[in-house]
Amino acid sequence: MAEIIIEGVTKRFAAVEALQRVDLAIADGEFMVLLGPSGCGKTTLLRMIAGLETPSTGRILIGGTDVTLLPPARRDVGMVFQNYALYPHMTVRQNIALGLKLRGLDAAEIERRIGFVANLVQIAPYLDRKPRALSGGQRQRVALARVIAREPSVSLMDEPLSNIDAQLRTIMRAELLRIHRKVGMTTIYVTHDQEEAMGLGDRITVMNFGRVEQMGTPDDIYARPANAFVARFIGAPRMNLVRAAHGIGRDVIDTPSLRAPLPPGVAVPDDVLVGFRGEDARPGAAAPGEMAIGGVIDVVEHLGAQIEVHFRTADGQEVVVRRPRNERHWREGERIDLAVPADNMHLFDAQGGAALRPPGH
Ligand SMILES: Nc1ncnc2c1ncn2[C@@H]1O[C@H](COP(=O)(O)OP(=O)(O)OP(=O)(O)O)[C@@H](O)[C@H]1O
């Protein structure tokens, strides 16, 4: 069992509080993604799980053992870094074999494991090459192979695909998932790329300023963001957040930009952000119970299968919608009404950013 528990972990570097009381539980065999903007503390948290940093306060447990003060070598974790960290003077085979020799495995077992991982990540033809004779993607696979061959119960990955071109990255992402399904080790994967996070994670932990903003399945985080930060960070294009600082009635918000029904049972303050995703707004009049929003088309961008249309609402706020290519002709300068189903509407407190939901949701 390699369940990982992070309990009240903080980390201070002089004046910087890199992590502020982080609590997390990662299940055995889970693929957990740590996602957040640059500087939010993802790498610091990963390095603490690896044993390369010590928490200022709190505890870390791996498989039920308190490892907070254990050195990296005694934690049974493998780490894949952004820069691969392969030994340049050794062949691929020697790079993979090194850690296995250090663990005292015999030659036959080392050969067996090299054969297995080379097959798994498809590097068999390159086993006798040095890293410099490999492409970025091939080096990446070697770095992965090296970790998998050790059979650690936990594997930690820090932006391992960031140096790979976009096309190969998509292939590698699918490969990572395939390998994870086969090998099943508990994996923690750091990225600032929300698309990568959505594609890979069984669950995602969204971080900001050293804090956990939300933890949940990709669908949870996409469909039920806990606050305005998560709503903006997940999804491309970003969720539209239209400010409504007045016009808030008992069961409807009515501003120059929009008219939106309020779900029953929600206590709504005087200053809210009304959120909806660009793909959930369709052109046309709102049916009863739907949200209506109007604006003038500012810019139209053709993206291939879809068209991204930027609007300006009556009170000057920007709204972006994404619609199928052939749905209609969008003319810059045209006035348009949009409708959003009530289920696709999100409400956030404009002050703290917390999602406003009826009790029990
Ligand atoms: N050794 C250190 N000394 C001082 N400050 C540090 C140290 N390591 C990290 N920090 C600070 O802690 C904060 C979190 O850094 P961290 O590297 O964990 O962020 P990150 O989310 O991984 O960012 P990125 O995506 O840019 O790698 C940052 O403000 C960083 O400057």
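Order of listing sets the numbers, starting from 1, for every ligand and every atom in it.
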So, R357 side chain and R224 main chain: donor-acceptor pair closer than 3.5 Å or not?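 Yes: the side chain of R357 pairs with the backbone of R224.
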
Which label fits F311 and W330: parallel for a plane angle under 30°, tilted from 30 to 60°, or perpendicular past 60°?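 Aromatic pair F311/W330 classed perpendicular.
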
Give me the ring orientation class for Y87 and H89: parallel if the planes are under 30° apart, tilted from 30 to 60°, perpendicular past 60°.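 Y87 and H89: perpendicular rings.
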
Ligand 1 and [X], any nitrogen or oxygen pair closer than 3.5 angstrom?
| X | answer |
| --- | --- |
| G39 | yes |
| A18 | no |
| T43 | yes |
| K42 | yes |
| C40 | yes |

Among protein heavy atoms, which sits nearest to atom 2 (C) of ligand 1, and what does the distance come to when rounded to 0.1 Å?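 Answer, as residue, atom name and distance: F13 CD2, 3.4 Å.
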
Nearest protein heavy atom to atom 26 (O) of ligand 1, by residue and atom, and its distance?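 Ranking protein heavy atoms by distance from atom 26 (O) of ligand 1, first comes S38 OG, 2.6 Å.
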
Would R181 pass as a cation-pi partner of F31, given that its NZ or CZ must be under 6.0 Å from the six-membered ring centre and within 45 degrees of the axis?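 Not flagged: R181 not positioned over aromatic ring of F31.
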
Does the side chain of T68 come under 3.5 Å of the side chain of D66 through a donor N or O and an acceptor N or O?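 Yes, because at least one side-chain N or O of T68 sits under 3.5 Å from a partner of the opposite role on D66.
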
R322 bridged to E279 by N-O distance under 4.0 Å: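 Salt bridge: no.
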
Under 4.0 Å between a Lys/Arg side-chain N and an Asp/Glu carboxylate O for R150 and D76?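 Salt bridge: no.
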
Can you list the ligand 1 atoms lying under 4.0 Å from a non-hydrogen atom of P37?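 Under 4.0 Å from P37, ligand 1 has these atoms: 21 (O).
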
Select the closest option to atom 15 (O) of ligand 1 among L34, T44, L19, judged by heavy-atom distance.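 It is T44 that holds the nearest heavy atom.
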
Under 4.0 Å from atom 30 (C) of ligand 1, is there at least one protein heavy atom?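 It does not: no protein heavy atom is found less than 4.0 Å away from atom 30 (C) of ligand 1.
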
